[in-house]
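Here the structure comes first, spelled out in structure tokens, and everything after it is commentary.
Bear in mind that the values here come from a model prediction, so they are computed numbers and not experimental data. We number each residue from 1, following the sequence as shown.
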Amino acid sequence: MTSTSTPSVDVAAAVAAAYDARSATYDESRMHRDLAAAVAAFATLDGVADVLDVATGTGLVLRALHASSGTTVRTTGVDLSPDMLAVARRELPQATLLRADAAALPLADASVDLVTCVTALHLLPDPHAALAEWARVLRPGGRAVTATFTAFARPARVRPPFPVHHERFATPERLAASAAGTGLRLRRHAAWRHVDGDAFLLGELGTDGTPVLATAHEP
């Protein structure tokens, strides 16, 4: 399997199988829990009624948003892994959780105010199409918040059976370039490093009409 010849459907199946295998222990990762909290702090829920979490996994980001906000926003999560979604359903009975592709969302146009996607852009066979899809489902002035890897505490011991492209989203310039032409623009960003050593770029992408906020923000 190579990154140049593998059909997207095979990549999707391989990613789903890999995360099915991790579903029982995924929440044990301190890094993933802390990153979800950092993303919830970076994102703002002012004026937000509906949130969509793409590649939601076990729902850690949606859980962190609930914990940090104390609001009653409506939450939806989509993921390819049925086993990760099963964990999310136990933890988030109030959320709508669907098995779906990031680039083919089963949501109406202009139906959410905030899209979140954490440590998943590097897995998508067509991230440009996914970003355009997020722009489609966002209401005017809506935002998408992402978290992408920029450095690792230790090299991966096992190469995954599907292509990964961390380098495409490792800097604000590359994230902005990836979003060009999708209807989303990078509005602000921040660097965040976990105590264990992994480092991330937090980015907020806005639709046309989204007010420009500070260019950097430390959660």
- Would Asp101 and Glu133 satisfy side chain to side chain contact (heavy atoms under 4.5 Å, CB included), going step by step from the backbone distance to the final call? CA-CA 10 Å; Asp101 191 287; Glu133 181 73 341; over 6 Å; no
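- When all heavy atoms are compared, the tightest approach of Phe200 to Thr150 is N-OG1, 3.4 Å.
- At a threshold of 4.5 Å between non-hydrogen side-chain atoms, the residues Val137 and Val115 count as touching.
- Proximity of a side-chain donor or acceptor of Ser81 to a complementary backbone N or O of Met84 within less than 3.5 Å is detected.
- Remark: Arg187 does not engage Glu204 in a salt bridge, criterion side-chain N to carboxylate O under 4.0 Å.
- Each of Asp53, Asp113, Asp50 was evaluated against Arg74; a single residue qualifies, Asp50, per the salt bridge (charged side-chain N to carboxylate O under 4.0 Å, His left out) test.
- When every heavy atom of Arg99 is checked against every heavy atom of Pro82, the shortest pair comes out as NE-CD, 3.8 Å.
- Nearest heavy atoms, Pro125 versus Val11: CG-CG1, 3.8 Å.
- A donor-acceptor pair is defined here as one N or O able to donate and one able to accept, closer than 3.5 Å; no such pair exists between the side chain of Thr76 and the backbone of Leu52.
- Listed here is the closest heavy atom pair of Trp134 and Ala102: NE1-O, 3.3 Å.
- Residues Ala88 and Gly57 approach most closely at CB-O, 3.6 Å, considering heavy atoms.
- Residues Leu123 and Tyr19 have side chains in contact (heavy-atom distance under 4.5 Å, counting atoms from C-beta outward).
- The main-chain N or O of Gly206 is never found under 3.5 Å from a side-chain atom of Arg185 such that the two would form a donor-acceptor pair.
- Glu28 places a side-chain heavy atom less than 4.5 Å from the side chain of Thr25.
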- Determine, stepwise, if the pair Val112 / Val51 fulfils side chain to side chain contact (heavy atoms under 4.5 Å, CB included). CA-CA 6 Å; Val112 300; Val51 177; over 6 Å; no
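- Contact annotation: the side chain of Thr116 never approaches that of Val54 to less than 4.5 Å [non-hydrogen atoms, C-beta and beyond].
- Criterion: ILVMFWY side-chain heavy atoms under 4.5 Å apart, direct or through other members. Under it, Leu80 and Leu105 are not part of a common hydrophobic cluster.
- Listed by first then second residue, pairs satisfying salt bridge (charged side-chain N to carboxylate O under 4.0 Å, His left out) with a partner in residues 89-98 read Arg63-Glu91, not counting sequence neighbours.
- Rounded to the nearest 0.5 Å, atoms OG1 (Thr148) and CG (Leu202) are 8.0 Å apart.
- If you take NE2 on His32 and CG on Leu35, they are separated by 7.0 Å, rounding to the nearest 0.5 Å.
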- Message: Show, in sequence, the C-alpha distance, side-chain angles and deciding distance for Arg168 and Arg174, and conclude whether the side chain to side chain contact (heavy atoms under 4.5 Å, CB included) test is met.
- Response: CA-CA 6 Å; Arg168 293 176 178 174; Arg174 291 178 182 176; 5.9 Å; no
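- Between Thr146 atom OG1 and Leu186 atom CG the span is 8.0 Å, to the nearest 0.5 Å.
- Of all heavy-atom pairs spanning Leu201 and Pro172, the tightest one is CD2-N, 3.7 Å.
- Here the straight-line distance linking atom CG of Leu60 with atom OG of Ser29 works out to 8.5 Å at 0.5 Å rounding.
- Thr207 places none of its side-chain heavy atoms less than 4.5 Å from the side chain of Arg139.
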- Could you walk me through whether His122 and His166 pass the ring-ring contact (aromatic ring centres under 6.0 Å, His included) check? CA-CA 5 Å; His122 64 281; His166 294 294; 4.1 Å; yes
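- With sequence neighbours excluded, no residue forms a ring pair (Phe, Tyr, Trp, His ring centres under 6.0 Å) with His128.
- Listed by chain and residue number, Thr75, Leu92, Leu97 satisfy the side-chain contact (heavy atoms from CB on, under 4.5 Å) test with Ala95 (two or more places apart in sequence, or in another chain).
- A cation-pi arrangement is absent between Arg33 and Tyr26, since the terminal nitrogen or guanidinium carbon is not both under 6.0 Å from the aromatic centre and inside a 45° cone about the axis.
- In this structure, Asp46 and Val48 have side chains that are not in contact, with every pair of non-hydrogen atoms separated by 4.5 Å or more.
- By the 4.5 Å heavy-atom criterion applied to side chains, Thr119 and Phe149 are counted as neighbours.
- Side-chain atoms of Ser111 do not come within 3.5 Å of backbone N or O of Leu107 as any donor-acceptor pair.
- Here Leu184 contributes atom CG and Arg136 contributes atom CZ; the two are 12.5 Å apart, rounded to the nearest 0.5 Å.
- Under the 4.0 Å criterion applied to side-chain N and carboxylate O atoms, Arg22 and Asp83 are not assigned as salt-bridge partners.
- Formation of a donor-acceptor pair under 3.5 Å by the His165 side chain with backbone atoms of Glu167 is not found in this model.
- Asp79 places no side-chain N or O within donor-acceptor distance of the main-chain N or O of Leu85, the cut-off being under 3.5 Å.
- Cluster membership check: Leu65 does not share its hydrophobic cluster with Val87, using side-chain heavy-atom separations under 4.5 Å among Ile, Leu, Val, Met, Phe, Trp and Tyr.
- A 4.5 Å side-chain heavy-atom check between Thr56 and Val118 finds every atom pair outside the cut-off.
- Checked by atom type and distance alone, the side chain of Ser68 never pairs as donor or acceptor with a backbone atom of Ala41 at under 3.5 Å.
- A donor-acceptor contact closer than 3.5 angstrom links the side chains of Thr58 and Asp27.
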- Kindly indicate, with the supporting measurements, whether the criterion side chain to side chain contact (heavy atoms under 4.5 Å, CB included) is fulfilled by Val195 and Met31. CA-CA 8 Å; Val195 292; Met31 183 276 285; over 6 Å; no
